[in-house]
Novice: 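First the structure, then my questions, so here it is.
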Amino acid sequence: MLRKRHSQAEFFKFLTVMLVAALWVFPMSAPAETAGSVRSGTPLNIPEILEDQSSDPAVASFELFVQHGRTEFFSGLTTETLGYNGSYLGPILRVRRGQQVNVAVHNQLGQATTVHWHGMDIRGEADGGPHQPIMPGAVWEPSFNVDQPAATLWYHPHLHGTTGPQVYGGLAGLIFIEDEVSDRLNLPKEYGVNDIPLILQDRNFQSNGSFSYQVNMMGLVPGDTMLVNGTVNPYVEVNQEYVRLRILNGSNFENFLLQLSDGSSFYQIASDGGFLESPVVRDSLFISPGERVEVIVDFAAAADTEIALLAGGQPVLRFYVLDSAGFDSEIPETLASLPEIPAGEQLPTRVFELQSMGLRGTINGKAFDINRIDESVNQGEPEVWIIRNVRSMMRSSGHPFHIHGTQFRILSRNGSPPPLEERGFKDTVHVDPGEEVVIRVQFNHQGLYMYHCHMLEHEDYGMMGQFMVQ
Ligand SMILES: [Cu+2]
């Protein structure tokens, strides 16, 4: 074989050509210019707020199209994705307490799906669980009344066996409920400016840009790329003011531990089902799949002008703090008054034992069977549910336990009163191996509902049960 010997000049010429070629192929790696400042990354995608088609203030009407799309997460690479009214994720449904909500869901996927309104206190037939499949080409038109406090909820598919892949493809969106309490509080309220939703998801990509959804004995293979609202390596500019972050762990299988890179604290104002009574100062936030945490970050007191939101110590979103004051909002000392839990109640009690080994798991020793109703519950009667995560011989994991059709309160965690951030309304609670969480739950509507692990591959592979409220 002939070996060509390059001169030093030739080598540098080659290097220059390669560098130019690399920048051409991967322009995202070059800093973006914004308003004269150098920004690293891509502007954070802010989901649209879906237009309410009803002129009657007592009614909100929405149209959702479940569809295929193509998304450019990386410049020059196309990913086949799924979305609601767009190529990836969905718009925000903003509703008010007291409204009647009508939705027309058009399934243009070419496969069956459902839309579950995660966190809604709602009758079983409108819940969007596995019993309300929407066939390809069909339209599902649920109607329900919003009768619960202001909160950030979300919607996503829930067809048994394909929930994981459909959510991974991009099917998820947020629901904002507003009410008189959220109106009255002087919280940051400028959507996209100081009231910012953050849908956190991990994903794996193949070299051609397509998603790599891999399930093995252990579960779902963790992603090597973080998406925030579907943006890779995102940044957002903020004023020197309070900024409210409505955070959803929209991952299928991964927990996140969130911190701020300058060591400052979060002021947690809400959990899954709405406001806490008072803000809770937190240095880090643990959030499991399906859970929401709402916080305020004080960017007026920020120590740096570039602050990253860290997940597991790695930056997932950069905030660039501008040299401008922003709005005059506050972190109120009192947020909401929550119903007091009566002391010394003697309530009907049920036990739910979660157990898993890697991918597969059971609840009370049973894998999901859509033809079996596991529990029968009386409408409007409070109950105590004890949720235990039983250790396996190996490969146990924590489980985010989610209950449909309600918001519950945590009475105790491992025999002790719950931490302050767990004293508000919840619909999903993380239970580690060996832990026991006791909750007080009540169902205000009738119908067939699900309880399950919200690690979507645990759910798809059987870690789910169903209960009838009548
Ligand atoms: Cu699980």
Side-chain angles (χ1 to χ4, degrees), residues 41-52 60 62 64 71 73 83-96 115-120 149-156 167 170-179 182 185 187-203 226-239 241-251 256 258 260 266-275 285 287-297 299 307-309 311 316-320 326-327 329 427-428:
T42 305
L44 176 71
N45 178 46
I46 303 290
E48 248 179 67
I49 294 181
L50 188 60
E51 192 195 345
D52 172 4
F62 299 111
L64 285 177
T71 305
F73 294 107
Y84 297 105
N85 301 14
S87 73
Y88 190 77
L89 297 176
I92 287 162
L93 309 186
R94 191 160 62 182
V95 299
R96 288 193 63 81
V115 181
H116 167 56
W117 318 108
H118 180 126
M120 289 293 295
T152 302
L153 313 180
W154 64 302
Y155 59 96
H156 62 80
V167 173
L171 293 179
L174 296 176
I175 302 169
F176 291 178
I177 300 178
E178 303 294 348
D179 66 4
S182 67
L185 293 171
L187 294 165
K189 285 178 188 171
E190 292 293 317
Y191 179 69
V193 176
N194 59 22
D195 179 0
I196 302 175
L198 301 178
I199 302 173
L200 306 182
Q201 299 174 308
D202 66 301
R203 289 292 182 272
M226 280 295 292
L227 303 180
V228 184
N229 301 345
T231 315
V232 176
N233 191 20
Y235 73 83
V236 63
E237 293 178 341
V238 292
N239 297 312
E241 62 172 328
Y242 292 136
V243 173
R244 175 182 185 174
L245 304 174
R246 305 182 189 232
I247 304 171
L248 162 69
N249 182 344
S251 280
F256 298 125
L258 305 178
L260 292 166
F266 302 98
Y267 298 83
Q268 184 174 345
I269 56 168
S271 54
D272 300 332
F275 292 118
L285 309 167
I287 181 166
S288 65
E291 286 186 299
R292 283 86 64 215
V293 174
E294 292 192 48
V295 295
I296 290 177
V297 177
F299 286 111
I307 295 164
L309 177 70
V316 295
L317 170 64
R318 283 185 175 79
F319 296 96
Y320 289 109
F327 293 81
S329 62
D427 55 50
T428 307

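If you're wondering where the values come from, they're calculated on a predicted model, not measured in any experiment.
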Novice: Going by heavy atoms in the side chains, are Arg203 and Val232 under 4.5 Å from each other?
Specialist: no
Novice: Passes side chain to side chain contact (heavy atoms under 4.5 Å, CB included), Thr231 versus Leu317? Steps please.
Specialist: CA-CA 9 Å; Thr231 315; Leu317 170 64; over 6 Å; no
Novice: Of all the heavy-atom pairs spanning Leu89 and Gly230, show the shortest one and how long it is.
Specialist: CD1-N, 3.8 Å
Novice: Starting from the C-alpha separation in whole Å, work towards a yes-or-no answer on side-chain hydrogen bond (donor to acceptor under 3.5 Å, both in side chains) for Ser87 and Thr71.
Specialist: CA-CA 6 Å; Ser87 73; Thr71 305; 2.9 Å; yes
Novice: Tell me the closest heavy-atom pair linking Pro197 and Asn229, and the distance in Å.
Specialist: O-ND2, 2.9 Å
Novice: Does Glu291 offer a backbone N or O that forms a donor-acceptor pair with the side chain of Asp272 under 3.5 Å?
Specialist: no
Novice: For the side chain to side chain contact (heavy atoms under 4.5 Å, CB included) test, which of Val193, Asn239, Val297, Ile296 pairs with Pro188?
Specialist: Ile296
Novice: Going by the angle between their ring planes, with limits at 30° and 60°, are His116 and His156 parallel, tilted or perpendicular?
Specialist: perpendicular
Novice: What's the spacing between Ser182 OG and Ile177 CD1 if we round to 0.5 Å?
Specialist: 10.0 Å
Novice: Are Phe62 and Asn85 close enough, and set up right, to give a side chain to side chain contact (heavy atoms under 4.5 Å, CB included), and what steps lead you there?
Specialist: CA-CA 11 Å; Phe62 299 111; Asn85 301 14; over 6 Å; no
Novice: Side chain to side chain contact (heavy atoms under 4.5 Å, CB included) for Leu309 and Phe256? Distances and angles first, verdict last.
Specialist: CA-CA 11 Å; Leu309 177 70; Phe256 298 125; over 6 Å; no
Novice: Between the main-chain N or O of Lys189 and the side-chain N or O of Asn194, is there a donor-acceptor pair closer than 3.5 Å?
Specialist: yes
Novice: How about Asp195 and Leu187: do any of their side-chain heavy atoms sit closer than 4.5 Å?
Specialist: no
Novice: Crowded around Tyr267 OH? As in, over 12 foreign heavy atoms under 6.0 Å?
Specialist: no
Novice: Let's go through Val316 and Leu198 carefully: what are the C-alpha distance in whole Å and the side-chain angles of both, what is the deciding distance for side chain to side chain contact (heavy atoms under 4.5 Å, CB included) to 0.1 Å, and is it a yes or a no?
Specialist: CA-CA 11 Å; Val316 295; Leu198 301 178; over 6 Å; no
Novice: According to the interplanar angle, ranging from 0 to 90°, do the rings of Phe299 and Phe319 count as parallel (below 30°), tilted (30 to 60°) or perpendicular (above 60°)?
Specialist: tilted
Novice: I'd like to check the side chain to side chain donor-acceptor pair (under 3.5 Å) partners of Asn45; sequence neighbours left out, ordered by chain and number.
Specialist: none
Novice: Rounded to the nearest 0.5 Å, how far does CZ of Phe176 lie from CG of Leu153?
Specialist: 10.5 Å
Novice: Does a side-chain heavy-atom distance below 4.5 Å link Val293 with Phe266?
Specialist: no
Novice: Does this structure show an ion pair linking Asp427 with Arg292, if we count only N-O contacts that are shorter than 4.0 Å?
Specialist: yes
Novice: For the CD1 atom of Ile196 and the CG atom of Leu44, what is their distance to the nearest 0.5 Å?
Specialist: 7.0 Å
Novice: Which heavy-atom pair separates Leu174 from Thr152 by the least distance, and what is that distance?
Specialist: CD2-CG2, 4.3 Å
Novice: Return the minimal non-hydrogen interatomic distance between Glu178 and Ala150, and the atom names on each side.
Specialist: CA-CB, 4.0 Å
Novice: Measure from the ring center of Tyr84 to the ring center of Tyr155 and say whether it is less than 6.0 Å.
Specialist: yes
Novice: Which heavy atom of Asp179 sits nearest to which heavy atom of Pro149, and what is that distance?
Specialist: OD2-CA, 3.6 Å
Novice: Roughly how far apart are Arg318 CZ and Ile307 CD1, rounded to 0.5 Å?
Specialist: 12.5 Å
Novice: Which heavy atom of Tyr191 sits nearest to which heavy atom of Pro47, and what is that distance?
Specialist: OH-O, 2.5 Å
Novice: What distance do Trp154 atom CH2 and Ile199 atom CD1 have between them, rounded to the nearest 0.5 Å?
Specialist: 8.5 Å
